[in-house]
There are 2 protein chains.
Amino acid sequence: MHKDYIFFQVPTQQDIIKAADRISNYVHQTPVLSSTVLNEIAGCEMFFKCENFQKVGAFKSRGAVNALFSISDSQLRNGVCTHSSGNHAQALARAASLKSVPAYIVMPSNAPTVKVDAVKSYGGQITFCEPNLQARESALAQIQHSTGATEIHPYDNLKVIEGQATVAFELLQQVKNPDFILTPVGGGGLLSGVAIATSYFSPATKVIASEPLGASDAFESFYNKKFIPSQNPNTIADGLLTSLGKYTFPIILKYVNSIITVDELQIIEALKLIYQRLKIVVEPSSAVVLAAVLSNRQLFSNKRVVLVLSGGNVDFDTLKRIL
Amino acid sequence: MHKDYIFFQVPTQQDIIKAADRISNYVHQTPVLSSTVLNEIAGCEMFFKCENFQKVGAFKSRGAVNALFSISDSQLRNGVCTHSSGNHAQALARAASLKSVPAYIVMPSNAPTVKVDAVKSYGGQITFCEPNLQARESALAQIQHSTGATEIHPYDNLKVIEGQATVAFELLQQVKNPDFILTPVGGGGLLSGVAIATSYFSPATKVIASEPLGASDAFESFYNKKFIPSQNPNTIADGLLTSLGKYTFPIILKYVNSIITVDELQIIEALKLIYQRLKIVVEPSSAVVLAAVLSNRQLFSNKRVVLVLSGGNVDFDTLKRIL
């Protein structure tokens with residue numbers, strides 16, 4: 001994997017416009033919030049794109065709906081499947097319920113009850129497996145074999161990336177000509193989509209990713225121009241643990257301006273500021289973008305900066321530990 | 001106090017429209033949020049009016065700006081004063097800074113540092129006093145005597161009530177013909193204003209207040225039709241500890257449909273649902289309205305219900321204790 005070059009067509013401008021139309025009745029147009037006090041603290045003009053208010057509480061709804069709604073009806077009858085213990089699992093289960101088709105979700109046996117229940121609440125059919133990648137992949141292969149379901153990968157899927165691209169398509173109508181757009185990077189689905197869309201709809205805007213120092217595989221891959229997998233990642237930003245993919249890595253290499261790393265204390269400090277000043281609930285993964293701005297003041301000084309807050313699914317035990 | 005009848009003119013329809021115009025450049029038009037999942041849980045259609053996103057994080061900005069901007073320029077030069085350790089203190093300090101006049105704030109010597117710092121950050125001039133009502137009032141009288149500053153009471157002031165009335169004026173343009181509007185009740189400024197405005201702009205809509213059982217003086221006063229002061233109130237909803245006033249009590253008697261009490265567990269449960277489902281940060285006082293809906297399902301079943309979330313200023317220590 002990733003050793004050989006792959007050739008593929010990234011979503012076009014027209015693809016992204018069509019995707020926005022395809023999903024428009026099934027996802028929210030999320031608001032953009034600002035805070036005078038936060039702007040004073042950061043020394044720049046910030047616009048927070050609030051995907052924490054998205055359906056199922058994360059941008060993942062966009063990619064899941066777009067990918068699932070792009071499958072032919074005959075194929076869709078067999079359902080969809082994925083392995084995920086995070087927001088994508090809920091997003092896919094919900095997207096499948098909109099079309100009344102089954103969603104088979106492979107989850108590790110140690111997945112938190114709250115996440116299992118969330119997937120079930122959207123009608124997802126869960127298969128538990130041992131908590132390692134091999135067990136996940138083999139469980140998923142078995143499901144595909146026995147059901148004929150279509151796999152929808154959490155991020156390394158061009159229709160998922162196209163769906164996440166609508167975040168930028170939408171926000172660029174809400175905020176004209178920003179100097180920068182920042183997103184978190186985990187597997188790179190959001191970052192890829194946002195970077196492609198920005199190259200079409202606001203080519204002068206620079207796209208920058210923020211990544212926890214404790215899971216800096218994207219940073220390493222980007223600057224070494226060589227895929228480096230995530231190994232023993234350790235960060236409170238639990239949505240950003242995964243490695244880049246065969247689609248997302250080359251897209252990021254080509255379309256992204258730079259990647260900034262932030263440490264755990266910076267993430268927690270930024271999270272607290274978001275709660276205190278914006279009065280919104282975000283998950284730790286969302287806070288890395290503000291952490292990046294606050295630790296690189298010169299770069300962003302007096303600029304217009306859009307920060308994509310990726311999601312708001314955080315359990316109270318985690319919150320109590322952080323705040 | 002409250003023993004004799006007082007006669008006064010409540011704000012008219014035109015007064016409220018003028019107040020909305022007067023404050024429009026200095027406060028936010030706050031959004032109305034909804035959640036499909038929360039509606040399913042509650043069995044009715046809910047619209048959350050998010051005053052937690054208001055300037056200084058609470059509806060209090062409306063009343064403070066309206067009252068201060070209604071004072072003549074010659075009088076205003078001497079500044080304004082109040083005694084408050086809560087959101088009104090910050091709101092008044094900020095409103096005064098907009099006109100570059102001094103705000104003298106009397107605070108108890110045991111006020112939390114975070115609240116003291118917030119008032120200072122808006123340029124408020126703080127006088128500390130012993131933490132009892134007599135000391136507060138005597139400190140305030142001294143300030144008035146030496147500075148000529150105009151007192152702006154946190155709630156028992158008709159211009160403050162008129163300012164809070166704009167919450168309803170605004171939300172009734174965002175949500176047409178709701179069956180109910182619910183607000184928390186502490187001193188009754190928000191409730192009075194909302195009830196008066198609703199009688200003008202949506203007379204078929206019922207206004208209901210929610211109050212913690214541990215501070216149920218408004219409930220007692222309302223149903224006994226006799227002013228009963230708050231005595232040893234004890235609730236996590238720390239914005240709702242105060243007694244009704246000489247203006248707010250008669251207004252509430254005349255314009256409010258009913259008052260519902262909720263216990264501490266119901267408040268905490270509602271607060272958690274707001275964090276989990278709406279993904280927003282509110283203070284415990286805001287959660288009483290959802291608690292009232294969830295504990296009176298029959299009354300609200302299938303109705304269109306607006307819930308005013310009064311503010312978002314909660315410190316992390318309190319949050320950690322509750323969540």
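Below, read A as the first sequence line, B as the second, and so on, with proteins coming before strands; counting in each chain starts at 1. What you are looking at is a predicted structure, and each value in this text was computed from that prediction instead of being measured.
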Atom OG1 of Thr36(B) and atom NE2 of His28(A): how far apart are they, to the nearest 0.5 Å?
6.0 Å
What part of Ile322(A) lies closer than 4.5 angstrom to a heavy atom of chain B: side chain, backbone, both or neither?
neither
Between Asp317(A) and chain B, which part of the residue has a heavy atom less than 4.5 Å away: side chain, backbone, both or neither?
neither
Quick check on the structure: residues of residues 53-69 of chain B within a heavy-atom distance below 4.5 Å of chain A, by number.
Phe53(B), Lys55(B), Gly57(B)
Proximity breakdown for Ser35(A) and chain B, heavy-atom pairs closer than 4.5 Å
neither
For Lys279(A) against Asn313(B), the heavy-atom pair lying closest together
NZ-OD1, 2.8 Å
Residue-level contacts of residues 280-295 of chain A with chain B, using a heavy-atom cutoff under 4.5 Å
Ile280(A), Val281(A)
So, do Leu319(B) and Lys320(A) sit near enough that their side-chain heavy atoms are less than 4.5 Å apart?
no
Using non-hydrogen atoms only, which part of Ser121(B) is less than 4.5 Å away from chain A: side chain, backbone, both, or neither?
neither
